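Worksheet for the structure shown next.
The first residue of the sequence shown is numbered 1, and numbering continues consecutively from there. Worth saying up front: this structure is predicted, and the values here are computed from it rather than measured. Computed over heavy atoms, backbone and side chain alike; hydrogens, waters and symmetry mates excluded.
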Amino acid sequence: MEEWELGKGCTVVLSACDTARGVIQEEGVVGLARAFLAAGAGAVLVALWKVDDHSTALFMRELYSSLLNGCSLATAVHSTMLRMARVVHHHVALEHSPERKNMMLDALQGPAALSGCSEQAKLEGCFSPRHWGAFLVIGANTVLPPPEC
């Protein structure tokens with residue numbers, strides 16, 4: 001990958017499972033993220049453990065929405081995690097309140113990232129931190145370049 005000519009400081013998102021893994025050597029962990037950084041990436045988003053496909057797709061849609069709106073990678077990851085954590089928090093609060101369940105589901109209809117999740121999944125854990133808490137930014141706090149016209 002060092003031969004690749006990535007744009008200096010570009011952002012690389014690795015949404016697959018265990019992308020933070022590598023071999024521990026004297027100079028640190030040598031893995032996929034380090035290879036992208038050596039090839040010129042400014043930042044790499046990796047997963048520390050196995051991640052659920054559906055939850056990751058929801059996470060990535062929300063993440064890219066933030067990135068395309070000008071947020072830095074670290075800010076986009078942070079805001080996406082907070083958004084998904086709020087869904088979990090509200091779900092716990094609603095478990096014993098059936099009348100508020102419909103209010104919660106209505107509130108979840110707006111954001112594009114949430115619309116792909118079934119009602120059952122919304123209320124039973126596709127937003128659990130075990131599914132999205134694995135993501136970690138390595139490198140600088142990069143921002144996507146503006147789209148070319």
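- For Asp53, there are no salt bridge (charged side-chain N to carboxylate O under 4.0 Å, His left out) partners at least two apart in sequence or on another chain.
- Closest approach of Leu73 to Ala43, counting heavy atoms only: CD2-CB, 3.8 Å.
- Judged purely by atom type and a 3.5 angstrom limit, Thr80 uses its side chain to pair as donor or acceptor with the backbone of Ala76.
- Between the side chain of Ser79 and the backbone N or O of Thr75 there is at least one donor-acceptor pair closer than 3.5 Å.
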Considering only distance and modelled atom types, tabulate donor-acceptor pairs under 3.5 Å from the side chains of residues 133-144, sequence neighbours left out.
residue: Asn141; atom: OD1; partner: Ser72; partner atom: OG; Å: 3.0
residue: Asn141; atom: OD1; partner: Ala74; partner atom: N; Å: 2.9
residue: Asn141; atom: ND2; partner: Ser72; partner atom: OG; Å: 3.1
residue: Thr142; atom: OG1; partner: Thr11; partner atom: OG1; Å: 2.5

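- Across all non-hydrogen atoms, the minimal contact from Val51 to Ala47 is CG1-CB, 4.1 Å.
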field: CA sep, side-chain torsions, deciding dist, call: Leu14, Leu45, side chain to side chain contact (heavy atoms under 4.5 Å, CB included)
entry: CA-CA 6 Å; Leu14 303 174; Leu45 180 68; over 6 Å; no
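- With sequence neighbours excluded, the residues that form a side-chain contact (heavy atoms from CB on, under 4.5 Å) with Ser15 are Thr56, Met60.
- Between Asp52 and Trp132, the closest side-chain pair of non-hydrogen atoms is not below 4.5 Å.
- Taken from CZ in Arg130 to OG in Ser55, the straight-line distance is 8.0 Å, to the nearest 0.5 Å.
- Atom OG in Ser66 sits 11.0 Å away from atom NE2 in His78 (nearest 0.5 Å).
- Heavy atoms only, all atoms of each residue included: Leu37 and Ala41 are closest at CD2-O, 3.4 Å.
- Residue pairs that meet the salt bridge (Lys or Arg N to Asp or Glu O under 4.0 Å) test with at least one member in residues 9-20, sequence neighbours left out, are Asp18-Arg21.
- For the atom pair CG (Leu58) and NE2 (His131), the distance works out to 10.5 Å, reported to the nearest 0.5 Å.
- Residue Leu32 comes nearest to Thr19 through the heavy atom pair CB-O, 4.1 Å, listed as atom of the first residue, atom of the second, then distance.
- For Val44 against Ala33, the heavy-atom pair with the smallest separation is CG2-O, 3.8 Å.
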